[in-house]
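Structure first, then comments.
Ligands are counted one by one from 1 in listed order, and the atoms in each one are counted from 1 as well. This is a predicted model, so every value here is computed, not measured. Residue numbers run from 1 in the order of the sequence given.
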Amino acid sequence: MFSKILVANRGEIALRIIRACKEMGIGAVAVHSTADANAMHVRMADEAICIGPPPSADSYLSQSAVMSACIVTKSDAVHPGYGFLSENPSFAQMLEDHGVNFIGPSAEHVRRMGDKIEAKRVMQSLNIAGVPGSDGPVESSDDAQRIANDIGFPVIIKASGGGGGRGMRIATGRDQVEGAFTEARSEALAAFGNDEVYIEKYLDRPRHIEVQVIGDGKGNGIHLGERDCSLQRRHQKILEEAPGPAIDPTLRARIGIQCAEAVAKMGYAGAGTVEFLYADGAFYFIEMNTRLQVEHPVTEAVYGVDIVREQIRVAAGQGLSIQQDHLNTRGHAIEARINAETVPEFRPSPGQVTTFHAPGGPGVRMDTAVYTGYEIPPWYDSLVGKVIVHSEDRASALAKLSQALDELIIDGIEHNAPLFQKLCANKDIQDGNYHIHWLESWLNETSW
Ligand code: ADP
């Protein structure tokens, strides 16, 4: 087993990983920017090292700074968390080249799955179909026009290197294709340094269903069922649940086994998420994330598995501690992402938290790095915590979420807990009757 893991991240996910390290008797090293000198992950780790100034590009995203921190602290592995360097193949490669373990799949798997066109090809070859669309990259707006005509409107033009809901444009008719193509390309170039785009049929009212998988890198793979992450704004998730309200045990076993077999055949090592759009009983693959997800706790709750621990075991060559036959879901879990932002405008709201109080009680988990007096820096994303509830069924989980949100106090800044309170009281949400466009239309109809 590793003796020291460097956690190349910040905020709640850094704390989550530090916890797992300490429980496993492994030393935890924090890295931080100068803006995060007083952050909780710095305090909770066994050692901390400053890696640069506030902008992420000069600190959390700086491969050489993180690599140097590994060498200085003699860390034998790096856990990248999510975001930042977690899906960067050259970072994974740099660690491999220096004999430091990357807690995640091989650089080659990170690279192949990070290219969404290539990921669709790989999955297709493993009998997992994608959303109908272009076979590969679309080179010109004329090509885009021709393909869109073939598959029928509406279509979505997506960045091959995309993430975080960026680099996507919808065209509902012929006259919108050129503009959508040009905009998707330039946004992709600016955000990901790669302007390659592809086209998919734009599905009308699908659900976003994703399957949690873990491969041991030795030809074995398991699945931990699905999460429904259909509640999104600007293609970004805000609330996730497991099991999915629209997925029954037979469907779960079918799609789960397919995904587990896919990672087994790929020789994939570590945790991953196979994402689908689900409509009318059919699953359409959209992408695979080769890292821990923000929403992993809902799966941990219903399966009783510590996913970070399994990631660390696999990276250390110890294999999985769990077997598919022994895994069963229990009850229902929901996660609400608490962002420091105004509602309903969703403008970031950094600043000092004057009072912080976390909800508690049976079946309530709050993952956060916030404390009373903490200054939320303006430099990073607005996620300040996650409230996760677990109960025997969906209705009681929603009631528990509402109660937990009532208990949550984050004074001094604006946050989105009131949005979730309204959602808990909404009939469609209570009935589990929603899809990926539901939230945006509901926001348009709701007065605040
Ligand atoms: P990212 O990597 O940026 O998260 P994804 O490919 O995972 O991009 O898509 C994110 C979200 O965008 C999906 O959950 C869905 O809401 C929307 N989306 C993506 N592809 C389609 C599609 N073909 N039809 C409708 N919505 C889509």
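Residue Met94 holds its CE atom at 4.5 Å from CD of Gln63, rounded to the nearest 0.5 Å.
Looking only at protein heavy atoms, the nearest one to atom 21 (C) of ligand 1 is Leu277 CD1, 3.4 Å. With respect to atom 3 (O) of ligand 1, the closest heavy atom belonging to the protein is Gly165 N, 2.6 Å. Looking at atom 12 (O) of ligand 1, its nearest protein heavy atom turns out to be His235 ND1, 3.3 Å. At the shortest separation from atom 16 (O) of ligand 1 among protein heavy atoms lies Gln232 OE1, 2.6 Å. Of the protein's non-hydrogen atoms, the one nearest atom 24 (N) of ligand 1 is Leu203 N, 2.9 Å. Of the protein's non-hydrogen atoms, Glu287 OE2, 2.7 Å is the one closest to atom 7 (O) of ligand 1.
Inclusion of Lys158 in the set of residues having an N or O under 3.5 Å from an N or O of ligand 1 is warranted. For a threshold of 3.5 Å applied to N or O pairs, the pair formed by Gly164 and ligand 1 contains at least one separation below that value. Considering backbone and side-chain N/O of Ile286, none are found under 3.5 Å from N/O of ligand 1. Considering backbone and side-chain N/O of Ile436, none are found under 3.5 Å from N/O of ligand 1.
Side chain to side chain, Asp142 and Ser140 fail the donor-acceptor criterion of an N or O pair below 3.5 Å. A donor-acceptor contact closer than 3.5 angstrom is absent between the side chains of His332 and Glu392. Using modelled atom types and a 3.5 Å distance limit, the side chains of Asn426 and Gln430 yield no donor-acceptor pair.
Under 4.0 angstrom from ligand 1, the non-hydrogen atoms of Lys201 all belong to its backbone.
Summarising the contacts of atom 8 (O) of ligand 1 with Arg207, Lys116, Met288, Glu275, the nearest heavy atom is found in Lys116.
The list of salt bridge (Lys or Arg N to Asp or Glu O under 4.0 Å) pairs with a residue in residues 257-274, not counting sequence neighbours, is empty.
The cationic atom of Arg330 (NZ for Lys, CZ for Arg) does not lie both less than 6.0 Å from the six-membered ring centre of Tyr303 and within 45° of the ring axis.
Taking both residues in full, the closest heavy atoms of Val263 and Met288 are given as CG1-CE, 3.9 Å, listed atom of the first, atom of the second, then distance.
Checked against side chain to side chain donor-acceptor pair (under 3.5 Å), Arg252 has the following partners two or more places apart in sequence or in another chain: Glu226.
Residue Tyr202 approaches ligand 1 through these ligand atoms, each under 4.0 Å from one of its heavy atoms: 24 (N), 25 (C), 26 (N).
For the pairing with Arg227, the side chain to side chain donor-acceptor pair (under 3.5 Å) check across His208, Gln212, Glu240, Glu241 returns one residue only, Gln212.
Using a 4.0 Å heavy-atom cutoff, Met168 is listed among the residues neighbouring ligand 1.
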